[in-house]
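So the structure is just underneath, and the comments pick up after that.
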Amino acid sequence: VTALTVPGDLAGRAVVITAGPTREPIDAVRFIANRSSGRMGFAIAAAAAAAGARVILVAGPTALATPPGVTRIDVETAVEMHAAALHHAADSDLFIAAAAVADYRVAAPADHKVRKADAPPALELVPNPDIVREVAAMADGPFTVGFAAETHDVIDHARDKLTAKDLDMIAANQVGAGLGFEVGENTLEVIWPTGRKTLGPMTKERLGEALLALIGERFHAAR
Ligand code: CTP
Ligand code: CA
């Protein structure tokens with residue numbers, strides 16, 4: 001038991017977490033994706049399950065093992081993640097959006113492999129639903145935590161997202177060359193409407209525990 005262990009007060013709470021990238025098909029063999037490893041979301045899920053919460057992890061494609069005690073729902077696209085997340089968020093206490101959701105999908109993916117000679121000059125994209133924004137807007141919905149992965153002006157962009165999406169809390173980190181995605185150590189600037197705290201630098205596994213402890217505190221303060 002370390003100082004970062006989550007207080008037992010999330011025991012029995014229903015927690016829904018999104019994690020990992022999404023894949024947006026171009027044709028039968030190609031897709032658009034991003035550099036998310038899923039480690040942060042899986043670490044939060046592990047910490048929440050260890051704290052006695054009932055955890056549903058809605059996961060895009062990752063190379064990670066399911067943490068003990070976690071119910072995992074595998075999805076591939078943002079639209080699939082949206083459906084699973086909204087369904088389970090409806091009767092959850094906490095919703096944590098750690099996924100790197102593709103903002104756009106290909107308008108009309110081909111169901112066969114497209115030959116290079118037949119490739120269109122450009123891909124037509126259409127916007128994906130904003131999952132965490134919709135959860136935050138639910139009447140009587142869960143305490144909602146978002147992430148903001150930014151390459152610059154981290155705090156300003158994170159505050160804007162906290163407000164624009166009407167979130168209860170946001171965890172911001174700087175990404176880019178050697179930072180954030182695909183690396184082990186990370187720092188989070190956690191912001192909520194009345195406060196702010198820096199967590200790290202530490203491994204994503206320890207950050208998951210520290211962030212969940214802070215979420216637990218704010219969750220109880222807000223209720
Ligand atoms: N998110 C989501 N659904 C989306 C896009 C983002 O749930 N379709 C969530 C992410 O999981 C994260 C938060 O919204 O918790 C912020 O994601 P981010 O990509 O940083 O913000 P966007 O609003 O998409 O803005 P932009 O990409 O332009 O910075
Ligand atoms: Ca985005």
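Whatever order the structure lists them in is the order used to number ligands and atoms, beginning at 1.
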Going by heavy atoms in the side chains, are M169 and L214 under 4.5 Å from each other? yes
Any donor-acceptor N/O pair, [X] side chain to [Y] backbone, under 3.5 Å:
X: R105; Y: P127; answer: yes
X: E189; Y: A172; answer: no
X: H157; Y: H152; answer: yes

For residues 113-140, which residue pairs pass the ring pair (Phe, Tyr, Trp, His ring centres under 6.0 Å) check, not counting sequence neighbours? none
Tell me the residues surrounding ligand 1, counting only those with a heavy atom closer than 4.0 angstrom, sorted by chain and number. A97, A99, V101, D103, P129, D130, I131, V132, G146, F147, A148, A149, K161, K165
Can you tell me if H220 has over 12 outside heavy atoms packed within less than 6.0 Å of its NE2? yes
